[in-house]
Amino acid sequence: MTQTAAPAGAEPAGAGASAGAAAASGSGAAVLDDFDSRPGGSMSLLRTIVGSSLRQLGGWMPASGAVSMLDALDIPASTARSTLTRLAARGVLVREPRDGVAGYALRREAVPMLERGDARIFQPTASADAAWCLVSFSIPERHRDRRHQLRRRLDWIGCGTVSDALWIGPERVADDVRDILADLRLTGEVTVFTGARPDADRPLAELAGRWWDLERVRMLHQRFLDRYAPAASAPPVGDREAFATWVGALDEWRVIPYLDPGLPETALPAGWPGRASRELFADIRERYADAAVAFARRVTGCGQPARTPAIPR
């Protein structure tokens with residue numbers, strides 16, 4: 001089992017200082033995803049557009065094209081423009097006019113966040129013999145706000161609570177954990193263990209219901225199934241409608257693989273909807289994603305055709 005201490009760093013001005021703000025100030029800090037953004041809201045939808053389309057457009061888009069993409073999702077132009085400004089302030093985008101056209105480019109510091117998101121959203125769930133990541137901390141009361149932020153963010157990435165100061169997650173979350181610790185500037189107070197294995201004498205099914213809120217995760221899967229099952233068998237649509245369907249589905253789905261720890265089926269309650277939900281997401285991606293990118297290219301005038309890769313089943 002590997003043990004690493006939290007990275008050293010100066011204490012932030014505020015307990016909940018964001019990585020986006022650090023990146024925007026030019027510090028080069030990692031940019032973290034923002035799960036305070038409500039799925040279906042303008043900020044969450046724009047982040048989803050950035051992740052699903054902007055890189056395929058070459059990393060830059062005219063502001064008018066971004067407004068057109070958000071218009072396809074029923075976001076008014078005034079809201080779209082203010083959301084672009086806010087996402088730039090959070091360090092994901094940077095204003096960059098080209099040939100006299102106002103636009104936004106993807107910040108270099110945001111790319112690792114998007115790549116980790118790709119891996120989390122499109123990868124298979126953990127196998128039964130997967131190793132675990134443990135996060136142990138003892139944070140002084142004077143830093144209780146940072147302690148609260150740490151617990152919230154560990155929950156965001158699918159960690160479960162063994163005790164108030166010991167959290168557990170699949171080993172694949174270790175890099176996300178380290179980025180969170182760097183962002184919160186926790187030094188000498190948090191230890192990350194990787195390569196941990198559960199005690200073979202205690203079945204994971206017995207412990208999972210205590211460590212994770214599985215009912216919350218089940219409801220997220222079921223809601224996705226209920227909302228998007230009709231789209232999997234709907235008649236063909238134009239590229240604007242395909243864009244709205246794909247981005248809307250991705251925006252709702254992308255939170256689920258973070259909150260779902262990817263437990264083996266033997267550790268899950270009977271009738272668990274996770275497999276059906278993942279298969280529906282894969283079907284919707286296969287059906288709508290290419291047309292959605294085609295729409296993004298058409299309204300922005302950017303990018304070259306590139307087929308989206310298949311999701312592993």
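Note that the structure is a prediction, hence the values are computed from the model and not measured. Just so you know, these numbers use all the heavy atoms, side chains as well, and skip hydrogens, waters and symmetry mates.
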Same apolar cluster (I L V M F W Y, side chains within < 4.5 Å links), Trp60/Ile49: no
For a side chain to side chain contact (heavy atoms under 4.5 Å, CB included) with Leu114, tell me which candidate from Leu54, Val50, Val92 qualifies. Val50
Please report the closest heavy-atom contact between Thr266 and Ala205, naming both atoms and the distance. O-CB, 3.6 Å
Backbone N or O of Gly195 within a donor-acceptor pair of the Glu171 side chain at under 3.5 Å? yes
Are Asp260 and Arg278 ion-paired here, with the side-chain N under 4.0 Å from a carboxylate O? no
Quick one: are Leu57 and Arg297 in side-chain contact, heavy atoms under 4.5 Å? yes
Does atom CZ of Arg144 have more than 12 heavy-atom neighbours, drawn from other residues, nucleotides or ligands, at distances under 6.0 Å? no
Test log, rule side-chain contact (heavy atoms from CB on, under 4.5 Å), inputs Met61 and Ser53: CA-CA 10 Å; Met61 60 185 173; Ser53 301; over 6 Å; no
Geometric class of the His221/Trp272 ring pair [parallel <30°, tilted 30-60°, perpendicular >60°]: perpendicular
In the single-linkage hydrophobic clustering (I, L, V, M, F, W, Y; side-chain heavy atoms under 4.5 Å), do Met113 and Val94 co-cluster? no
Smallest heavy-atom separation, Leu220 atom then Ile256 atom, equals O-CD1, 3.6 Å
Take Asp155 and Trp167, measure what side-chain contact (heavy atoms from CB on, under 4.5 Å) needs, and give me the verdict at the end. CA-CA 9 Å; Asp155 180 61; Trp167 288 61; 4.2 Å; yes
Shortest non-hydrogen pair, Asp118 vs Arg55, comes out as OD2-NH1, 2.8 Å
Should we count CZ of Arg98 as having more than 12 external heavy atoms under 6.0 Å? yes
Could you tell me whether Arg147 sits above the aromatic face of Phe137, with NZ or CZ closer than 6.0 angstrom to the six-membered ring centre and within 45 degrees of the axis? no
Can a side-chain donor-acceptor contact be found between Gln222 and Asp226 if the only test is distance below 3.5 angstrom? yes
Is the side chain of Arg146 donor-acceptor paired with the backbone N or O of Arg185 at a distance under 3.5 Å, no angle test? yes
Looking at Ala242, is its backbone amide N or carbonyl O close enough to the side chain of Thr245 to form a donor-acceptor pair, meaning the two atoms are under 3.5 Å apart? no
Sidechain-backbone polar pair: Ser277 side chain, Pro273 backbone, donor-acceptor under 3.5 Å: no
Steps toward side-chain contact (heavy atoms from CB on, under 4.5 Å) verdict (Arg153, Asp176): CA-CA 10 Å; Arg153 295 191 189 188; Asp176 292 321; over 6 Å; no
side-chain contact (heavy atoms from CB on, under 4.5 Å) between Ile157 and Arg120: does it pass, once the steps are laid out? CA-CA 10 Å; Ile157 62 171; Arg120 179 71 70 95; 4.3 Å; yes
What one should report as the nearest heavy-atom pair of Pro170 and Cys133 is O-CB, 3.7 Å
Exam field: side chain Tyr228 to backbone Gly248, donor-acceptor pair closer than 3.5 Å: yes
Keeping Arg107 on the side-chain end and Ala88 on the backbone end, is there a donor-acceptor pair under 3.5 Å? no
With a 4.0 Å cut-off on N to O distance, would you call Asp175 and Arg178 a salt bridge? yes
Would a 4.5 Å heavy-atom cut-off, applied to side chains only, mark Pro62 and Cys302 as touching? yes
What one should report as the nearest heavy-atom pair of Gly40 and Asp251 is N-OD2, 2.6 Å
I'd like to know if Leu87 and Val111 are part of one continuous hydrophobic network [Ile/Leu/Val/Met/Phe/Trp/Tyr, side-chain heavy atoms within less than 4.5 Å]. yes
Hey, does the Lys NZ or Arg CZ of Arg298 hover above the aromatic six-ring of Phe243, less than 6.0 Å from the centre and inside 45° of the axis? no
Would a single hydrophobic cluster contain both Leu106 and Val101, if residues Ile, Leu, Val, Met, Phe, Trp and Tyr are joined by side-chain heavy-atom contacts under 4.5 Å? no
Taking a hydrophobic cluster as the set of Ile, Leu, Val, Met, Phe, Trp and Tyr residues connected by side-chain heavy atoms closer than 4.5 Å, whether directly or through intermediates, do Trp132 and Leu166 fall within one such cluster? yes
Would you say the side-chain atoms of Trp212 pair up with the backbone N or O of Leu259, donor to acceptor, closer than 3.5 Å? no
Centre-to-centre under 6.0 Å for Phe281 and Trp246, is that the case here? yes
Under 4.0 Å between a side-chain nitrogen and a carboxylate oxygen: does that hold for Arg240 and Asp71? yes
Testing the basics here: between Ala63 and Tyr104, what is the closest heavy-atom pair and its distance to 0.1 Å? CB-CE1, 4.0 Å
